[in-house]
Amino acid sequence: MAENADFADFVSVFHKRVGGAVRGLLADWGTPGLEDDFVLEPASKRGHGDLATNMALVAASHLRQQPRQLAERLVEAMRLDARLRDLARFEIAGPGFINFHLHASVLVNAARDALVRGSQFGARTQARPQKILMEFVSANPTGELHVGHARYAAYGDSLKRILAFIGNDVAAEFYINDFGAQMENFGASVAARYAQALGLEVELPADGYRGEYPRYLAEKIRGEIGSRLRGEIEPATTGKAVDFFKQRGCEIVLEEMKAELDRFRVRFDNWFSEAGLYRSGAPGKVVEKLKDLGEAFEKEGALWLKTTGHGDDKDRVLIRGNGEPTYFASDIAYHVDKLSRPEHYDHLVNIWGADHHGYVSRVKAAMQALFPDRDEPEIIIGQLVNVIEMGERKQMSKRKGTMVTLKELLAGIGVDAARFFLVDRSHDSTLDLDMEKARLKSEENPVYYVQYAHARIFSIIKKAAAENFKPVDYAGYDALSSQERQLILSILFFPQVVQGAATGREPHRLTAYSRDLAGAFHTFYHNCPVLKAEPQTASFRLDLCLLVRNTIARSLDLVGVSAPEAM
RNA sequence: GCGCUCGUAGCUCAAUCGGAUAGAGCAACGGACUUCUAAUCCGUAGGUUGCAGGUUCGAGUCCUGCCGGGCGCACCA
C-alpha cells in the first residue's frame, strides 16, 4: 500500500479504507482475504448511490447467516471510522448490498486529483511489474496479411499497450516462419510466375500458391533483376533459383507486412527468423538436451518427445524418419531462445489462432520438461474471422480467394474504425466480417461516438481560449448535478477498468468503457453548460472536461485509436 | 467418435469471485437544434440468456446431459 501511494487512485484508496474499517470484524468472522478482495462497483446507474459492495453477501455464504444482519454490523463498523465517514454515507439495500453515497466535495476533489495526475492517471498500478515478451500475428511470409491477422494484430498490440501502461516492460515479437516445405513451395511458386512473366512455359507446383500475390512478387523481382535468372528455371525450377526467389520474395513480403502493420499502428520490437534459428543449430541442441533429460525416445524410425508425461494426450515427433526436425522441434527451440535471452523475461505470452489450439498442450509439455521451475508460457487462443460474401459465410482462404486483406480493410473503413471494430468484441468469439456492410456501416461505427465526445471537448477548450476565459478557484464547489456525479464516477473507475482489461487480457473492456464514458459526457454536455455557467461552476466544469478529454484519449490510445480535435 | 470453444434483444456485442430490475450500440417508433459541434440528447418498444435437469439464500456465470455453430485430433506449418 505504502509503496504504491503515489499512484493510488480514488477508488482503490476508498476500497482500502472500507476494508480497513471492517478488517477486525471480518477477521472475527473468519472470512479470510475478504477485507482485501471484496468487490466495489459503480452503482449509481441503478439509483443505489455511487458505489456498492456485496461483501455482506459473500460473508453470508461463508457463515451461513442472514446477509442483511451481517451488513448491519459491517455498516456499524464503517460508521465508527471517521475518515470513511468523511467520504461517504452508507446504507443497506436489497438482499444485503452496502451502498455508498459519496459527498459531493469528495468527488470534486477526486476529479481534480485525477486531472493533476495527467498522463499518469491509471498508470503503473501493477503491484509487481514484469518483463513480458508477447508474440503475435506471426503470419507466414508467403502472402498478404488478411483480417484474421489484423484481428490478432489489433488484439495483441492493444494488450501490449495496456500491459505496458500499468507498469510492465513489454516487448512484441513477430516470429517469421521462413523455413521448411511451405517456403520451398513458395519459392518455387514465385519462380514459376517469374518464368511465366518471361513468356516461358512453366507450370506452378501442384499445390503451389495461386492467386495474384506471387505473380505480383515475381513481377516486382523481375523489375529488380530483369531476365537474369531465365536460364535457371527452364524447363523446371532448380534449387538455386528457388532459393533466390524464396529469399527475395520473403524479404519483400516482410517489408510490405511491416509497412502495412505500421499503418495499422502495430509495431514489433523484434522480428525473429525461424531460418536463423536453424542456422544457429538451436533445434538440434534442444533435441539433444531433451534426450539427455530422458524425455525423448525412438520409435518407428522417428524421435519422439514424451509429452504425455506432462499432460499431453499423445506423444509427439521431434525428428522425422527422414532425419528432418519437425516444426514442433524448432518451436521448442524458439521458446527456449526467448527464455535464454539477456532480457530475462519473466513471462511469455503467445497469441494463436483457434486453428492452433491443438498445439498448446504439447508446447507447454515441452517447456515443462525443460524448465520445470519456470511458469509455463501463457497461450491465448483467439477465435477466427469469417468473411461473409453475398450473405454466405466463408472461411478465409488464400487459395479460394475468399480473403479480405488488411489493406482492403483499411481502404474500406480506415484505421480507427477497423481497430475499434476488431477489438470491440471478446477475442474468444468468432467474428463474421461482411465487407459490404462494414463499408456501409463504418459511418455508424461506435468509434465515432467516442471520438465525437473528444472533439466536442476540444471545441469547448478552443472557445474558452477565444473568449479569454479566466478560471477561478472552485474549492468547495459541491453543487454537483446528477450528470456531473455520473461523469466523475465513470472517470474514477478508469484505473480499475484498465487493470481488469490487463488481468483478463480483454482489451475490449477499454472500448466498452470509452463508449460509456463518451455517453456520460454527451449527457453532461446537454444538461450542463460549461462556459455559460457561474464562474466557479464554469471553472470546475472546464476542468472536468479536460479530465474527460484525457481519459477518452487514453482509452482510445490503449487500443490504438486516434482522438481527433475536430470532426 | 474424442478434445477445446462459443450460443444473451431483429443485428453486433457487454455483463468485474455466483449478486440488486440481464445492459450498450445499430435497426424501429415518438420527441428535442435562437445554445460550448444534432456524428448529439430524451423517451417508447424489444428477452423463458439454445434446451432439460442439478448445486444454493441467489445462476447468463458453476456441475451433468442434450441441441446447434466454429476449431482441432499429422513424421504440415
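Per chain, numbering begins at 1; letters A, B, ... match sequence-line order. Quick caveat, the model's predicted, so the values are computed rather than measured.
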Of the candidate nucleotides [options], which contains the atom at the shortest distance from the side chain of [X]?
X         : options                : answer
His357(A) : G72(B), A14(B), C41(B) : G72(B)
His522(A) : C71(B), A39(B), C41(B) : C41(B)
His508(A) : U40(B), A15(B), C73(B) : A15(B)
Val317(A) : U40(B), U5(B), C75(B)  : C75(B)
Asp355(A) : C71(B), C6(B), A20(B)  : C71(B)
Ser61(A)  : A20(B), A14(B), C57(B) : C57(B)
Leu384(A) : A77(B), A24(B), C71(B) : C71(B)
Asn177(A) : C36(B), A39(B), A77(B) : A77(B)
Lys314(A) : C73(B), U12(B), C71(B) : C73(B)
Leu34(A)  : G3(B), C17(B), A24(B)  : C17(B)

Report yes if a side-chain nitrogen or oxygen of [X] is closer than 4.0 Å to either non-bridging phosphate oxygen (OP1 or OP2) of [N]; otherwise report no.
X         : N      : value
Tyr359(A) : G3(B)  : no
Ser426(A) : C6(B)  : no
Arg456(A) : A38(B) : yes

Determine the Euclidean distance between corresponding [atom1] atoms of [M] and [N]; express it in Å to zero decimal places.
N      : M      : atom1 : answer
A15(B) : C73(B) : C1'   : 34 Å
C6(B)  : G43(B) : P     : 35 Å
A38(B) : A32(B) : P     : 16 Å
C36(B) : U44(B) : C1'   : 30 Å
G3(B)  : U40(B) : P     : 48 Å
G7(B)  : A28(B) : C1'   : 25 Å
C63(B) : G46(B) : P     : 33 Å
A39(B) : G58(B) : C1'   : 43 Å

Applying a 4.0 Å non-hydrogen cut-off, can you work out what [X] is touching in the nucleic acid: base, sugar-phosphate, or nothing?
X         : result
Asn99(A)  : base
Ala453(A) : nothing
Lys462(A) : nothing
Ala455(A) : base
Asp37(A)  : base

Between [X] and [Y], is the gap from one ring center to the other below 6.0 Å?
X         : Y         : result
Tyr477(A) : Phe540(A) : yes
His508(A) : Tyr155(A) : no
Tyr449(A) : His522(A) : yes
Tyr334(A) : Phe272(A) : yes
Phe14(A)  : Phe100(A) : yes

Q: Round to a whole Å and report the spacing from CH2 of Trp352(A) to C1' of U5(B).
A: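 Going from CH2 in Trp352(A) over to C1' in U5(B) covers 16 Å.
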Q) Could you give the CD-to-C1' distance, from Glu506(A) to C13(B), as a whole number of Å? A)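 Checked: the CD to C1' distance equals 13 Å.
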Q) Mapping Tyr327(A) and Ile98(A) to their closest nucleotides on RNA chain B, which lands nearer the 5' end? A)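 With Tyr327(A) and Ile98(A) compared, the 5'-side residue is Ile98(A).
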Q. Considering heavy-atom distances to RNA chain B, does Phe328(A) or Pro67(A) have its closest nucleotide positioned more toward the 5' end?
A.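 That would be Pro67(A).
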Q. Does NZ or CZ of Arg456(A) come closer than 6.0 Å to the centre of the six-membered ring of Tyr525(A), within 45° of the ring's axis?
A.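 So Arg456(A) does make the cation-pi contact.
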Q: Classify the side chain of Asn185(A) versus the base of A77(B) as yes if they form a donor-acceptor pair under 3.5 Å and no if they do not.
A: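 Answer is no: no donor-acceptor pair is held.
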Q: Indicate whether His356(A) forms a stack on G72(B); treat it as stacked only if centroid distance is below 5.5 angstrom and interplanar angle below 30 degrees.
A: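 Stack criterion not met.
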Q | Test salt bridge (charged side-chain N to carboxylate O under 4.0 Å, His left out) applied to Glu378(A) - qualifying residues, sequence neighbours left out | A |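 With neighbours one apart ignored, the set is Arg505(A).
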